[in-house]
Visitor: 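Okay, handing you the structure first.
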Amino acid sequence: MADITKEYLALRDQYIESRFARLNPVQRQAVFATEGPLLILAGAGSGKTTVLVNRIANIIRFGSAHGSTELPRPVTEADLNDLRNAVAAGRDLPRETAYLAVRPARPWNVLAITFTNKAAGELKERLRAMLGDTLGGDVNASTFHSACVRMLRRDAERIGFPKSFTIYDSDDQQRVIKQIYKDLMIDDKFLPVKSAIGQISSFKDKLLSAEDVAGEPFANTKAQLVSKIYTAYAGRLKAAGAMDFDDLIFHTVKLLQNDAEAREYYQNRFRYVVVDEYQDTSIAQFHLVRLLAGGTNNVCVVGDDDQSIYKFRGATIENILNFEKVFTGAKTIRLEQNYRSTANILNAANSVIKNNMGRKGKTLWTDHGDGEKVHHYTATNEQDEASHIADVIGEHLREGASLKDHAVLYRMNAQSNPIETYFARAGIPYRIVGGQRFFDRKEVKDINSYLAIIVNPRDDVRLRRIINEPARKIGMTTIEKIGELAASKGVPMMEIIAHVRDYPELQRAAAALERFYEMYRELCDLSVSEPLDQFVGDVIAKSGYEAMLKAMKEEGETRRENLGQLVSSIKTYADQNGEDATLSGFLEEVALISDLDSYDNDADSVTMMTIHSAKGLEFPYVFVVGMEDGIFPGEMAKYNEEDMEEERRLCYVAITRAKKELYLSTSRTRMIFGQTRRNPPSAFLSEIDPGLLDETQSPELTGYGGGFGAGYGSYSTNVPGGRSGYSGASRGYLNSEYNAHPRGGFGGGYSSGFASGGHESPNSYGGRHQVQSTGFGSGYGRSRSAGNTAPAGAGTSTLAGAPSAAPQKKAAAASYAAGDIVEHRVFGRGKVLKATPIAGDCIVEIQFDRVGVKKTMANYAPLKKVEE
DNA sequence: ATCGATAAGATCGAC
DNA sequence: TCTTATCGAT
C-alpha cells in the first residue's frame, strides 16, 4: 500500500474518532461496529441512547469508514493535505461524506425501533441536533407498531386488507370477543373473555393464524373452543377492515415472509436496523427484526437483560439471551459504566440483581462518589409513609431542590391513592403518570368512534358503540337484528341501516334509524368540507353528545372539558401536519399514542408512577414505596422462581432510577383493596448489603411515639381491619384544627390515632428514629386538593416557606370582583363572573376563554389578576 | 329502554 | 375500597 494511502487511512480514523471524542472507549467501540449483527448490553444509566444516536450519526456521516481500508476514491496529495489540516485544526472537513465515507447510509436507510413513541421522538430530536434537520429528520425512528402501520398502509391490499384499515385497541377487541360469545352462546365462566384474548394474542405472537390453529389437534374442549373463537374473531376483523395491535406485527411478518417483492423492497430500504429495549421484545417482533435485517444482516440490538420486566405481556428474555446464537458472527459489547447514580445506589442495585440466575451477568460501576446511603424507612401505615415522603421532600426543597426532582414509584397503581390524598391535602403539587389515559376516556372514545365510522363505514364495532350513545331509542334488540341481517347478507351494518325501509323486521325502530343515518350522512359531508377541528366540534354537537353532557351536571362538565381537549388535540395535529392532515391520520395517531408519551418533565411537580412506567427515566430523588412481601414482590410472584426473578429485575429498575438519593419504605400495616394487611418487609431489602442501608422508622414504633399517637386518641380503635378505624380517623382529622399543633409534629400525626390502636408491639425494631419532620408534613388539614394536573403555585411556596404557618394566610392578598380578567396556570385566560367571600377565602366563578365556566378557590388556584 | 342496585373482581400495561 | 358489569324492575 502506498505510504500516502496508509497515512490517509490513519488520519481518517483519527479524524472520525475525534468526532466522537466525548464517548468512553467502549461506547466508541459500539459506534464504530457498523456492519453485521451487534448486541449492546447496556446497563442502566450507561449512556445507551447517546451510543445509539452517535452510532446512527456515524453510519450516515462516515458509513463503515472507521477501521476500514476501503476508500471512496484513490487518495491524492491534496486530499491528504485537507485531511491533515482538518485534523490539526480540529475542524470539520468540508464535504467529508463524499471525501472519506465508505458506503454511508442515507437517513432513510436506517430504521430505529424504540419502545415508546416518546423514546422515538427523543431519538429523532437528538439526531436532528447532531446531524441537522434534513439528515436527522429523515431517519425512521418509531415503535414496532407504528413501523408496521407504515408498511401496512403501503401494502395492506396485498394481504386482503384495505389501506385505510382501522386499528382496534384492547377495548374494541373485547367488544368483538364478547359479541362472539353471545353469538356462539359461550359461557364466560367456562372460558373467561380475558383468557380467550390472551390465548389468541399468544397464537399471533407465535405467528399461528386461525387456520393454523384449527388445523392442529386440540388438547381439550377448551382449546377447541378458543380455536373457534379465534376463527370467528379473525373473520370479523377482516370483514370490518380492522387490525388489533397484535395483528399489526403478525400481518407485517406474514407479509414479509410470503411476499418476496415486499420483503426485498424493505430489506433494500432498511440497510441498518437498530432495536432499542430488545429485552422486552416478543417472538413475533424477533421474527420481524430478523426479516427486516435479512438483507444486509446489519442489525444492532440494545438492551439489558436485567431490565426485562414485560414478560407478562409476551416479552421473551430469550431474544436477548440467544441473540449471539441466532445471528451468527454477532459482536457483543457491554456498557457497564454508569453515569447516573452514586456508588451506594448502584451497589444496592447490584446486590439485589446478583441473586438472579438467568442473566448474562454484568456489574455496573461508577466513578461518582459513594453519596448517601440508601434510606429505608419503616412506617406504621401508608399515611405515615406518605407523610414521611412529604417531610423528606420538604427538606430537599429547603435545600434548594425542586419538586420535579422527585419521583414516587410503586408496584401497582392502587398504591398511589393514599399518597395522592396526602399530597393533595398538604398542597404538594404532584402528577400521576399512567392510570386512565386521556384517549381511553369513554367520551373521547365515543367521539373517536363517530370519526372512525366516517372514515371506515365497515367498522361495526365502533358503530355499535355509538349508535345509541346518546340515547336514540335504538335498543339492543334492534342492534342485534341489524347485526344478524348484516351477517346474513355479508354486508356492513351501516349498509342495512341505509336501507331500513327494505326490512319489515326493523319497522319499529325505522324512524330512529333513519334519523341516525341522516345525521351520519350529514357528518360525512361535513368531514370533507370543513377543517378538522371544526368538524370534530360539529360531530360533538350534531350527534347530540354535547346536549347529553349538558343535561348532566357536575360529571358532564368534566367530560365536556375532555372533549374540548380532544378538539384542541386535533387542532394541534392539523397544525403540525398541514396539508397531510387527515381524519384517518389523526385516528391512527390516537390509536398508537400512550400516556407516557405526553409526559413532559417541565412542570414543577412530584411525579408519581408505577415502576414499569418509570423504565428509562431518571430522577435525582426516588422514593420506592411498599417494599413489602406481598406487595413487592407481589403475592402472585412469590411462589414461582421465574416470576420472582422478574420482580427482582423490577426492583433493579426501580433502584437504578435514582441519581442522588434513594428512599425505600415499608409499612407495618397497609390497607389495600379494602383490607388492612400486615406485611413483612420485602425480601429484596434483605438482599441489599446492610452496610449500604440507613434505617429509620416511624416515631410511633420507638416507644415514646406510641404515647404521642394516643394523644389524638379519640379515634383510636380496637376494630381489627381498618374499615371503621380508617374512615373515622380521616374524617375526624379533616374537621379539626390540627394546623395549630406545634411544630415538630411527627410525620405520622395525621393517622396516629388509628395506627396506635390495637395490637402494635412497639420497640420490636430496635433502631432509633431520626426526627426528620419539621412539621409541615402533618399539619395541613385544610389545604385544598392540588389536583391531578398539579398547579404549582400555593403548594410550592408554602413548602419552602415558614413550616408551621397556616398555608391559607400567605395567599390572602388577591381579592377578586366580577369583571376582573384573570390568568389561570392551567385553564388560561378568563373573566370573573362572580366572587363569593367565604371563611377567609373566596369562591371565584370564572368564564374561561377555552374551557368554559369553572369555580375555584381564590387562594389555592394558580390564579393571577391581569386587569380589573 | 333506562335506571339503579348489587355483585364481582382487582398487578404491572406499550402499541 | 373502589370500580365496573350485569341484572332486574319500572
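Lettering of chains follows the sequences in order, A, B, ..., and the numbering in each one begins at 1.
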Visitor: Can you name the side-chain hydrogen bond (donor to acceptor under 3.5 Å, both in side chains) partners of R649(A), sequence neighbours left out?
Guide: E646(A)

Visitor: I'd like to check the ring-ring contact (aromatic ring centres under 6.0 Å, His included) partners of F623(A); sequence neighbours left out, ordered by chain and number.
Guide: Y663(A)

Visitor: Can you list, pair by pair, the side-chain donor-acceptor contacts under 3.5 Å of residues 582-592 of chain A, counting residues two or more places apart and other chains?
Guide:
{"residue": "T582(A)", "atom": "OG1", "partner": "S584(A)", "partner atom": "OG", "Å": "3.4"}
{"residue": "T582(A)", "atom": "OG1", "partner": "G585(A)", "partner atom": "N", "Å": "2.9"}
{"residue": "E588(A)", "atom": "OE1", "partner": "R153(A)", "partner atom": "NE", "Å": "2.7"}
{"residue": "E588(A)", "atom": "OE1", "partner": "R153(A)", "partner atom": "NH2", "Å": "2.9"}

Visitor: Check side-chain hydrogen bond (donor to acceptor under 3.5 Å, both in side chains) between D304(A) and all other residues, then give those that pass, not counting sequence neighbours.
Guide: Q307(A), K362(A)

Visitor: Could you write out each protein N or O paired with an N or O of nucleotides 2-12 of chain B at a distance under 3.5 Å?
Guide:
{"residue": "dT2(B)", "atom": "OP2", "partner": "N468(A)", "partner atom": "ND2", "Å": "3.3"}
{"residue": "dC12(B)", "atom": "OP1", "partner": "N413(A)", "partner atom": "N", "Å": "2.8"}
{"residue": "dC12(B)", "atom": "O4'", "partner": "R411(A)", "partner atom": "NH2", "Å": "3.2"}
{"residue": "dC12(B)", "atom": "O3'", "partner": "T610(A)", "partner atom": "OG1", "Å": "3.4"}
{"residue": "dC12(B)", "atom": "O2", "partner": "R411(A)", "partner atom": "NH2", "Å": "2.3"}

Visitor: For residues 142-156 of chain A, which residues have at least one heavy atom under 4.0 Å from DNA chain B?
Guide: T143(A), H145(A)

Visitor: Taking only residues two or more places apart in sequence or in another chain, which ones pass ring-ring contact (aromatic ring centres under 6.0 Å, His included) with F516(A)?
Guide: none

Visitor: Let's go through T252(A) and L288(A) carefully: what are the C-alpha distance in whole Å and the side-chain angles of both, what is the deciding distance for side-chain contact (heavy atoms from CB on, under 4.5 Å) to 0.1 Å, and is it a yes or a no?
Guide: CA-CA 8 Å; T252(A) 308; L288(A) 184 65; 3.8 Å; yes

Visitor: Got a sec, which pairs hit ring-ring contact (aromatic ring centres under 6.0 Å, His included) with one end in residues 184-206 of chain A, sequence neighbours left out?
Guide: F203(A)-Y230(A)

Visitor: Residues two or more places apart in sequence or in another chain: which of them pass ring-ring contact (aromatic ring centres under 6.0 Å, His included) with F270(A)?
Guide: none

Visitor: Mind checking what makes ring-ring contact (aromatic ring centres under 6.0 Å, His included) contact with F161(A), not counting sequence neighbours?
Guide: H251(A)

Visitor: Dot-bracket for DNA chain B, please, read 5' to 3', with Watson-Crick or G-U wobble pairs under 3.5 Å on both distances, ( ) within the strand, [ ] crossing, | other strand, . unpaired.
Guide: ||||||||||.....

Visitor: Test of understanding: with side-chain hydrogen bond (donor to acceptor under 3.5 Å, both in side chains), list the residues that count as partners of N679(A), not counting sequence neighbours.
Guide: E628(A)

